[in-house]
Amino acid sequence: MNGRDELLRLVTDLRPAQLDELADDSYARRRDHDLARTATRFPQGPSSARRRLPAGYGRPRRYLLPSAIAAIAAAVAVAVAVSGAFPGSRPRQVASAADAQHFLKASGAIAAQAPATTGAYWYVKERSFSPSLTIDNKSYGAVVAETDESWTGQVHDSQTYDEDVSFSFASAADEARWQAAGRPPLSTIYGQPFGRTKPWTRYFLGLGYAAPGYSGEFSLHQMQRLPATEAGLRALLLRLWNGPDETYLRQGMRGPGRPTYNTFLVEWAESILSGPTAPGTKAAIYQLLAGQPGLKIIDSVTDPLGRIGVAVSFGAVTMEVAGQRYRSYLLIDPKTAQLLAIATNPVRAGSVISPAQGGGVTVFEETGWTGKIGVSPPA
Amino acid sequence: VDDPRERFASLYDRCYRNVLRYALQRAEQGSAEDVASEAFLIAWRRWPDVPEPALPWLLGVARNLLRKQAQAGRQRRLLADRVAALTSEADVVAWDAGEHVVERAAALDALASLSEHDIEALTLVTWHGLDAREAAAVLGCTPRTFAVRLHRARRRLSAALWAEDRAPDASATRRAAGAGRHEGLPRQPAVSASRRT
């Protein structure tokens, strides 16, 4: 039981044939009844409601402070090219791909200079903001926020989910609408039973890191030893993206779910920049990102924790959340080259990323080495 | 085809069996059929909201309805129990032990030793043919989150199968110990994985 293909093929073959027989029988028996029932209960036809949009989408940006709105106006008026890692304090909209390349290469140079560190466990503390829907997938403009902490070791891993779960609404009107509907329970990010908000912890044995795009898993040591040159990392990622030659069941690297190379690279960038990787590897991924088409950077974007960074997007790289597709951004600290957040929310120069708009934001609150599960890295 | 009724009928024809198969993993036939029908009723009521492709959205609604049934006091069946109940002699005969190295019963035991959470991730991509992005849409999480779930489920299944190979009587011990315990690590808190699926 070594190959992942074989493992999933085994699960596939455990599928009882009776599922198909029952489904065919039920379809033949119930089709006319179900369609007639639908027409009877809703003779006026389908709801004329607008197509579902992300929470808060299309409404005024109520989370923005007046100063932020003024900053956006200033940014639109003054679009200037920059050199260096954005030392200026004025928010600027930077559209040039050359500027984006320059920024990413500068970030790579900063990352390369970071000291190499190691430890027993790689610790990541993330706070995620995501649209929250009701049991019938209805949106009331609610956003759920939760914190997860993980400790990844060479042998043991642990993860604590759903800390500090909180719900908010894009507007008072949204909340009133939800209350008027009888306060239907809202979902949390990991999809546990509605209304449950208690933290929970799981322990794992030697799981390592889930590499993006079904490219297998990497242990802590493997993550630390990823290629530290642009050419070496490119070769590895291309090999992983091309995937195995054999058919990976009906999906996987060569199936319909295969990401574009551009998307694959950005997903790997998230793992490398937030993971236990060497400074050279972080520098190398920045160099690879700098060579991607459709680069765009947006200066002075503030994450939900109040940290200011530079948002980078990559052409057609998008993420689908709850049936909607959003542009993906990496928010990078220009001074340290650290990944601050992954966002699928609209971002503008000088603005705060609003959790109420878009498909979600994951903020990396803290990453680093620690000696023990349950303990965060020393300050 | 511009008529919404025709498009709805077409959707029903394409997806009803998929939705029912998903529901059958959680509920007995009568309840599962009710869930599938209700999912399509919701789709019709909220027709402008239904994305394309619609199947992940429909499975997500069915999943929520199954949870609602459980909350209303109707027994929601464990995935492993449902799989066992649906398994027939034909499945046993069709199993190619030479190809899979392990016997079907041992493989089913290993699958059953996983949490509901893990089994759901595995079956979404194998039995229902969804890719990671579609499966993430069913669960309402990001593809990144789903990839982590699937990765961990695969690793735990691999560990369970390895334990089967090494210790034939280990599965009974694992079943007694409960899901999530089979790695010999501390039992997880009261919020078990099976409650979270």
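Throughout, a chain's letter reflects where its sequence line sits, starting with A, and its residues are numbered from 1. The figures here come from the full heavy-atom set of this structure, side chains too, leaving out hydrogens, waters and symmetry mates.
For Phe40(B), no part lies near chain A; criterion is any non-hydrogen pair under 4.5 Å. Interface remark: Ala90(B) contributes no atoms to any contact with chain A (heavy atom separation under 4.5 Å). In this structure, the portion of Asp25(A) lying under 4.5 Å from any heavy atom of chain B is its side chain and not its backbone. Looking at Asp13(B), the atoms closer than 4.5 Å to chain A (heavy atoms on both sides) sit in the backbone and in the side chain alike. Heavy atoms closer than 4.5 Å to chain A are found in the side chain of Gln29(B), but not in its backbone.
Here the CG atom belonging to Leu7(A) is positioned 10.5 Å from the CZ atom belonging to Arg155(B), to the nearest 0.5 angstrom. To the nearest 0.5 Å, atom OG1 of residue Thr126(B) and atom CG of residue Asp13(A) are 9.5 Å apart. Remark: Leu150(B) CG to Leu8(A) CG distance equals 6.0 Å, nearest 0.5 Å. A distance of 10.5 Å separates CG in Leu35(A) from OH in Tyr16(B), rounded to the nearest 0.5 Å.
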- Task: Apply the test side-chain contact (heavy atoms from CB on, under 4.5 Å) to residues Leu14(A) and Val83(B): give CA-CA distance (whole Å), side-chain angles for both, the deciding distance (0.1 Å), then the verdict.
- Result: CA-CA 8 Å; Leu14(A) 284 174; Val83(B) 174; 5.5 Å; no
- Could you walk me through whether Arg31(A) and Tyr12(B) pass the side-chain contact (heavy atoms from CB on, under 4.5 Å) check? CA-CA 8 Å; Arg31(A) 180 185 185 276; Tyr12(B) 186 96; 3.6 Å; yes
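Summarising the geometry of Trp127(B) relative to Arg15(A), their closest heavy-atom pair is O-NE, 3.3 Å, with the distance given to 0.1 Å. Listed here is the closest heavy atom pair of Ala23(A) and Arg17(B): O-CG, 3.4 Å. Closest non-hydrogen pair, Leu86(B) versus Pro16(A), comes out as O-CB, 3.5 Å.
The candidate from Leu111(B), Asn18(B), Leu24(B) with the greatest count of non-hydrogen atom pairs under 4.5 Å with chain A is Leu24(B). Contact tally against chain A (heavy-atom pairs below 4.5 Å) for Val19(B), Asp91(B), Thr123(B), Leu20(B): the top residue is Asp91(B).
Between Leu19(A) and Tyr22(B), every side-chain heavy-atom pair lies at or beyond the 4.5 Å cut-off.
With hydrogens and angles left out, the side-chain atoms of Ser88(B) and Gln18(A) include no donor and acceptor closer than 3.5 Å.
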